[in-house]
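One structure below.
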Amino acid sequence: MRHTIVAGNWKMHKTYSETHTLLDELITKLPSGKEVEVIVAPTFTNLASAVAHLEGTNIQVAAQNVHQAEGGAFTGEISAQMLLSVGVETVIIGHSERRHYFNETDAVLADKVNTALRHNMRVIFCIGEELKDRESKQYLNVIFNQLTDGLFHLSKDQWKNIVIAYEPVWAIGTGETASPEQAQEIHAFIRQEIERKYDKNVAENTSILYGGSVKPSNAKEIFSKPDVDGGLIGGAALVADDFIAIIEAAN
Ligand code: PEP
């Protein structure tokens, strides 16, 4: 069911004690009883303790990555089963930093999605064009190909565990934000392509988040667009007051 989500991607930030300080601030300051689903994605080393710390709150925990194999000789990697064993049921897949710095191809990402879904996890799947794609007016093709290669092999039923995050690469961590109109154009395009591939029901029930330099000052305008169902937040998720202001803007 489509609903509003604000998720914080903490990337490679926050030690164990810093993680708990930020979680405590969120727990204390976050207004209760609101409609927005709140998710935080700390580093792997802090996932288990974050889940324990957030028990009984409305804040959920996601991982930033998962390996596609069930297990085995993959030094340094983490499996879906390991995430589930510490209570993590949501995973971000396909973030542009994973695609860019770790060479995660569309084929690998599709494998990761399959593995996560096989374990009944929820996937926040990131797509987004680079600056050169926007400048050459190829951005819709790039988005379409990422959708097709990463997700369009899934059955209708599997889509109930898919959330999409549209994150233009040129807007991530740069301070540049897509305008609300640019975000709406792409979100509507994504929804239209999901409907074309599946049906209206799947399209209307898929949450599509915007990510890329969302801040308290621009969140409300972006979130007010009809096809924007919340956000995936990087830098601003590391400051409790900013993250809370963004969550409030989504309410
Ligand atoms: C991100 O990395 O997913 C992101 C959106 O980062 P930022 O908000 O810092 O641009």
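Counting starts at 1 for both ligands and their atoms, following the listed order. Computation of the quantities below employed the complete heavy-atom set of this structure, encompassing side-chain atoms and omitting hydrogens, waters and symmetry-equivalent molecules.
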Pairs under 3.5 Å, nitrogen or oxygen of ligand 1 with protein nitrogen or oxygen:
unit_1: ligand 1; atom_1: 2 (O); unit_2: Lys11; atom_2: NZ; d: 2.5
unit_1: ligand 1; atom_1: 2 (O); unit_2: His95; atom_2: NE2; d: 2.7
unit_1: ligand 1; atom_1: 3 (O); unit_2: His95; atom_2: NE2; d: 2.9
unit_1: ligand 1; atom_1: 3 (O); unit_2: Glu167; atom_2: OE1; d: 3.1
unit_1: ligand 1; atom_1: 3 (O); unit_2: Glu167; atom_2: OE2; d: 2.7
unit_1: ligand 1; atom_1: 8 (O); unit_2: Ser213; atom_2: N; d: 3.4
unit_1: ligand 1; atom_1: 8 (O); unit_2: Gly234; atom_2: N; d: 2.9
unit_1: ligand 1; atom_1: 9 (O); unit_2: Gly235; atom_2: N; d: 2.8
unit_1: ligand 1; atom_1: 10 (O); unit_2: Gly173; atom_2: N; d: 2.7
unit_1: ligand 1; atom_1: 10 (O); unit_2: Ser213; atom_2: N; d: 2.7

Side chains of Asp133 and Gln138: is there a donor and an acceptor less than 3.5 Å apart?
no
Mind checking salt bridge (Lys or Arg N to Asp or Glu O under 4.0 Å) for Asp199 and listing every partner two or more places apart, or none if nothing turns up?
Lys156
The criterion is ring pair (Phe, Tyr, Trp, His ring centres under 6.0 Å); which residues satisfy it with Trp10, sequence neighbours excluded?
none
Could you check Ile233 against Val6 for side-chain contact (heavy atoms from CB on, under 4.5 Å), going step by step and ending with a plain yes or no?
CA-CA 7 Å; Ile233 318 299; Val6 174; 3.9 Å; yes
Can you name the salt bridge (Lys or Arg N to Asp or Glu O under 4.0 Å) partners of Glu176, sequence neighbours left out?
none
Under a 3.5 Å cutoff, is there a donor and acceptor pairing between the side chains of Glu70 and His119?
yes
